Amino acid sequence: MRYDLVIFDNDGVLVDSEPISNRLLAGYLTELGHPTSYEESLRDYMGGAMHRVHDLVLERTGRRLPEDFDDVFHGRVFAAFERQLEPVPGAVGVLEKLTADGVAYCVASSGSHERIRVGHRKAGLDRWFDDGRIFSSQDVGRGKPAPDLFLHAAGRMGVAPERCAVIEDSPLGVQAAVAAGMDVYGFTAMTPAAKLAGATRLFADMGELADLLAG
């Protein structure tokens, strides 16, 4: 394989959480008087850290979200995860292949550490990710599209940016990986390919990824 480290985004790449969380986010924002459709939530917030939601709402309306917004939202998300969350089809096969080939991998997510762990446990991915393989936007000052999170993950894993491949499904994530000087593979299962145009390669089936990384 031509990479020394594969860095996975989490939501929508490892766990099939984007439909769940964006429906809940759109519903909660609408409930609070900020009408938001599911499609608008995907467009504006998919791949971003929670501070992006606060920043955009304040910028657009001049109103701050409630102080307990994150806690209430995550409570709803975690409850829904317990009922519905599954791994992205093909994700386990990729992790098995990387492990068999001795290629290092980790996850670098805009989500909190708690969200990552809850999702992995429910989706059965927790056995693939110990503490040393999990990185969150909580660990850095700026989330995606800034490159900080990916550079932090590579640094902690001891791999130069140019030897890393990032697996992303959001425009914000692709921008962050490009800014970090890393190759990025854009997963188009939920995102139109045109919105991930900055990616090194595009793919629609997670089952294809191992071969793409080795090619």
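No experiment lies behind these values; they were computed from the predicted model shown. We're numbering straight along the sequence, starting at 1.
A salt bridge links D11 with R115: at least one charged nitrogen is closer than 4.0 Å to a carboxylate oxygen. Taking the charged nitrogens against the carboxylate oxygens, R201 and D183 have no contact shorter than 4.0 Å, which rules out a salt bridge. Ion pairing between R121 and E82 holds under the 4.0 Å rule for side-chain N and carboxylate O.
With a 4.5 Å cut-off on side-chain heavy atoms, Y38 and P19 count as touching. Proximity of F187 to L202: side-chain heavy atoms (C-beta onward) are nowhere separated by under 4.5 Å. Using a 4.5 Å heavy-atom threshold, the side chains of W128 and V92 count as touching. Contact of the C164 side chain with the V6 side chain is not registered, since no non-hydrogen atoms from C-beta on lie closer than 4.5 Å.
Cluster annotation: L95 and I134 are assigned to the same hydrophobic cluster (Ile/Leu/Val/Met/Phe/Trp/Tyr, side-chain heavy-atom contacts under 4.5 Å, transitive). By the criterion of side-chain heavy atoms lying less than 4.5 angstrom apart, applied directly or through intervening Ile, Leu, Val, Met, Phe, Trp or Tyr residues, F8 is not grouped with V159; the two fall into different hydrophobic clusters. No path of Ile, Leu, Val, Met, Phe, Trp and Tyr side chains, each step under 4.5 Å between heavy atoms, connects M190 with L172, placing them in separate hydrophobic clusters. Following chains of ILVMFWY side-chain contacts shorter than 4.5 Å, one cannot reach L213 starting from V174, and the two form parts of different hydrophobic clusters. By the criterion of side-chain heavy atoms lying less than 4.5 angstrom apart, applied directly or through intervening Ile, Leu, Val, Met, Phe, Trp or Tyr residues, V178 is not grouped with V13; the two fall into different hydrophobic clusters.
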Run L65 and L32 through side-chain contact (heavy atoms from CB on, under 4.5 Å) and show every step you take. CA-CA 8 Å; L65 291 170; L32 292 172; 4.2 Å; yes
Assess the residue pair I167 and F203 against the criterion (side-chain contact (heavy atoms from CB on, under 4.5 Å)); give the C-alpha distance rounded to whole Å, side-chain angles, the decisive distance to 0.1 Å, and a yes or no. CA-CA 10 Å; I167 317 304; F203 69 106; 3.9 Å; yes
Carefully, step by step, assess D44 and R60 under the rule salt bridge (charged side-chain N to carboxylate O under 4.0 Å, His left out). CA-CA 12 Å; D44 294 341; R60 290 169 174 174; 3.0 Å; yes
Check against side-chain contact (heavy atoms from CB on, under 4.5 Å), L24 and F73: CA-CA 8 Å; L24 289 170; F73 173 63; 4.1 Å; yes
Apply side-chain hydrogen bond (donor to acceptor under 3.5 Å, both in side chains) to S41 and N22, showing your working. CA-CA 6 Å; S41 183; N22 280 282; 2.7 Å; yes
Please lay out, stage by stage, how Q175 and K144 fare under the test side-chain contact (heavy atoms from CB on, under 4.5 Å). CA-CA 8 Å; Q175 292 173 44; K144 306 169 189 178; over 6 Å; no
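Side-chain atoms of S37 come within 3.5 Å of backbone atoms of E40 as a donor-acceptor pair (strictly under, hydrogens ignored). A donor-acceptor pair under 3.5 Å is absent between the side-chain atoms of S136 and the main chain of D139, judged by distance alone. Although no hydrogens or angles enter the test, the distance criterion places no donor-acceptor pair under 3.5 Å between the side chain of R142 and the main chain of P147. Side-chain N or O atoms of S137 include one that pairs as donor or acceptor with a backbone N or O of S110 at under 3.5 Å. In this structure, D205 contributes its side chain and G207 its backbone to a donor-acceptor pair below 3.5 Å. In this structure, E86 contributes its side chain and V15 its backbone to no donor-acceptor pair below 3.5 Å. Using a distance-only test at 3.5 Å, with no hydrogens or angles considered, no donor-acceptor pair links the side chain of Y105 to the main chain of R133.
The salt bridge (Lys or Arg N to Asp or Glu O under 4.0 Å) analysis of residues 149-167, with sequence neighbours excluded, yields the pairs D4-R163.
The two residues I7 and A153 come nearest to each other via the heavy atoms CD1-CB, 4.4 Å. When all heavy atoms of S109 and D9 are compared, the pair lying nearest together is CA-OD1, 4.2 Å. Residues V184 and A177 share a closest heavy-atom pair of CB-CB, 3.7 Å. Minimum interatomic distance between G33 and R63 (heavy atoms only, all atoms of both residues): O-NH1, 3.7 Å. For the residue pair M157 and A104, the shortest heavy atom distance occurs at CE-CB, 4.3 Å. The heavy-atom pair separating A180 from L151 by the smallest distance is O-CD2, 3.7 Å.
Rounded to the nearest 0.5 Å, atoms CD1 (I20) and CG (L25) are 13.5 Å apart. Between atom OH of residue Y45 and atom OG of residue S21 there is a gap of 13.0 Å, rounded to the nearest 0.5 Å. S170 OG to L196 CG: the interatomic distance, rounded to the nearest 0.5 Å, is 7.5 Å. Distance check, rounded to the nearest 0.5 Å: CG of D101 to CD of E96 gives 11.5 Å. The distance from the NZ atom of K195 to the CE atom of M46 is 9.5 Å, given to the nearest 0.5 Å. Here H54 contributes atom NE2 and M50 contributes atom CE; the two are 5.0 Å apart, rounded to the nearest 0.5 Å.
Among residues two or more places apart in sequence or in another chain, the side chain to side chain donor-acceptor pair (under 3.5 Å) test is passed with D131 by R117.
Between F150 and F135, the ring centre distance reaches or exceeds 6.0 Å.
Classified by interplanar angle (parallel below 30°, tilted 30° to 60°, perpendicular above 60°), the ring pair H74/F78 is parallel.
Cation-pi contact between R76 and Y28: present, with separation from the ring centre below 6.0 Å and deviation from the ring axis of at most 45°.
Summarising the local packing, CZ of R64 is surrounded by 12 or fewer heavy atoms from other residues, nucleotides or ligands at distances under 6.0 Å.
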